[in-house]
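When reading the values below, keep in mind they use all heavy atoms of this one structure, side chains included, and skip hydrogens, waters and symmetry mates.
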Amino acid sequence: MALAEWRLVEELVKRLDAYRARNAEKTRRYEGQYKPGNVGLTVPPKMKGNVPRLGWAGVIVDALEERLNFLGWNDPSGSLGLDLVYKQNRLQVESGLAHLDALIFGTGFVSVTKGAAGDPDPLVTIEPTMRTTGIWDHRKRRLDSALTLNESADGKQLSAGVLWLPDTTIVIEQVGGTWTEVSRDQHQLGRVPVVMLPNRTSASMLLGHSEISAPVRDIVDEAARVLLAMAVNREFFSAPQRLVLGAAPGDIDKWQALMTGIWTIEPDDEGNLPTVTSFPEVKPGPYIEQLRALAAQLATVAGIPEAYFGVKPDANPASADAIRASEVRLIKKAERRASMFGLGWLDVAELILLVRDGRVPEEFANVSCRWADPATPTSAAKADEAAKLVGAGILPAASQVTLDRVGLSPAEQAMVVADRAAYPPMADVFAGMAGRHGDDR
């Protein structure tokens, strides 16, 4: 490995190390495994470690990712064979892995290589963001270099990996603390065979932003503390508290009193009875109201309906229109992410052609990405829309666009096309029958 390549590896490894702790925290937050600190002064010491794990960060990410359904590429020429690559690499499922990483960490990565024996060829692989990084070329709008490290068998070390360069892919490993070359593939593609899918970019942050932002983290942590305070209230104040005046501490069994059992106190030597009074139990209502207020704030920050957090009293709206109205911003976010990620998937398609054919034909200029509708229309509504578009002459009945509008999957669309070839439309059948009857006359 040349000196310049070795220095590049060292630089990219440092980049990974710089993001490792933050990415690990985002993973724990997404999975609901993160516990906030600074739980408060009124929490008993034995309960400070029992902070509830609140999964609101995962709800925010999943609510958006579930609406990003990549269906492949539209190829008007029908000659590029991208649908076959989509199916062989199971991108109907695998593509969601890249979207999920991008939403959690701010960036996702996809690589395209030649497939080995038994692999799809070309092979499209979703590279883990926790172990992948790169250097972005703003002018070319793609990666200038990238590095993916592989975990050891015990998952504790990153001592091997792949350095991705425009014309070369180098397999590396760490020996004695130094990165050395294991093998080299001169693919001569003229570009790095790794595509970056950034989430919510800006001119100042081209590598993307995580959906688990600082305001989201703060609000979720505060909600977890509220749940802990509710648990403290349940342990100590959920039963009525009694106050006895004029009795010695040993006269009353504390556990029996806590369990609201019946207990008696004898008069003192002078025949006086102690005064007994009680304080009402503290109900969890104030804590629930706090959770609702925090959920409202989080919904504003994240752009998803409050009902998704499970604390809104009208979590089941009365009508479908009310549901759609509450999801307007979430749908718009999904449409924007689809447009942004679509640019990356077009780069993936271009790499597929370069790896398989060695060139990108002119027909590729008309290729676009296909996405499922991020909204939630009913099947009847989609069918009605398609029927009106066909009836108005805007769409032909046999068009793939029409089948997409109806919501048929690629496999179902292929079956419809085959059935059309095997069975003529009813209008043709009736025309043929009319012709035969005319001949009989």
Side-chain angles (χ1 to χ4, degrees), residues 19-68 96-97 99-106 129-130 199-200 208-238 281-317 323 326-327 329-330 333-334 337:
Y19 286 98
R20 194 182 311 280
R22 279 179 284 177
N23 287 342
E25 178 188 333
K26 290 172 184 176
T27 299
R28 294 197 304 273
R29 287 181 178 276
Y30 169 73
E31 295 176 349
Q33 297 297 325
Y34 182 82
K35 288 187 175 184
N38 189 21
V39 294
L41 300 175
T42 60
V43 178
K46 291 185 178 180
M47 296 187 68
K48 286 185 180 293
N50 297 330
V51 184
R53 295 180 175 93
L54 196 59
W56 282 0
V59 171
I60 292 171
V61 172
D62 288 342
L64 185 54
E65 190 277 329
E66 289 164 1
R67 294 175 182 267
L68 296 173
L97 303 181
H99 302 157
L100 194 59
D101 265 13
L103 297 175
I104 295 173
F105 305 112
T129 302
M130 287 283 289
N199 174 61
R200 197 164 54 91
H209 296 79
S210 169
E211 294 297 318
I212 308 176
S213 61
V216 167
R217 297 194 296 269
D218 288 347
I219 295 173
V220 174
D221 288 353
E222 183 62 21
R225 296 187 187 100
V226 171
L227 286 177
L228 179 60
M230 189 187 300
V232 173
N233 174 76
R234 181 200 64 214
E235 292 291 336
F236 295 97
F237 306 107
S238 59
E281 69 276 12
V282 181
K283 297 182 179 180
Y287 302 104
I288 295 175
E289 289 302 318
Q290 278 186 281
L291 285 176
R292 287 174 179 165
L294 290 170
Q297 290 295 318
L298 190 57
T300 301
V301 171
I304 69 175
E306 294 177 44
Y308 283 33
F309 300 115
V311 296
K312 199 164 182 268
D314 55 344
N316 295 312
I323 296 176
S326 67
E327 295 176 343
R329 189 176 171 202
L330 175 60
K333 284 182 65 175
R337 299 305 185 273

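The line from CG of D218 to CG of L298 is 11.0 Å long, rounded to the nearest 0.5 Å. Q290 contributes atom CD, which lies 10.0 Å from atom CG of L227 (distance to the nearest 0.5 angstrom). In this structure, NZ on K35 lies 4.0 Å from CZ on R53, to the nearest 0.5 angstrom. Rounding to the nearest 0.5 Å places CG of N199 at 9.0 Å from CG of L68.
Residues Y30 and E211 have side chains that never bring a donor and an acceptor to within less than 3.5 angstrom of each other.
Although no hydrogens or angles enter the test, the distance criterion places a donor-acceptor pair under 3.5 Å between the side chain of H209 and the main chain of R200. At distances below 3.5 Å, not a single donor-acceptor pair connects side-chain atoms of K333 with backbone N or O atoms of I304. Put simply, the side chain of R217 gets close to the backbone of I212: a donor and an acceptor are under 3.5 Å apart.
Remark: R29 engages E25, D221 in a salt bridge (Lys or Arg N to Asp or Glu O under 4.0 Å) (not counting sequence neighbours). A search for side-chain contact (heavy atoms from CB on, under 4.5 Å) contacts involving N23 returns Y19, K26, F105, M130, not counting sequence neighbours. Listed by chain and number, the residues in a side chain to side chain donor-acceptor pair (under 3.5 Å) with S210 amount to none (sequence neighbours excluded).
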Apply side chain to side chain contact (heavy atoms under 4.5 Å, CB included) to residues Y308 and L330 and explain how you reach the verdict. CA-CA 11 Å; Y308 283 33; L330 175 60; 3.8 Å; yes
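Put simply, the side chain of D62 reaches to within 4.5 Å of the side chain of L100, judged on heavy atoms. Counting heavy atoms from C-beta on, the side chains of E327 and R67 come closer than 4.5 Å.
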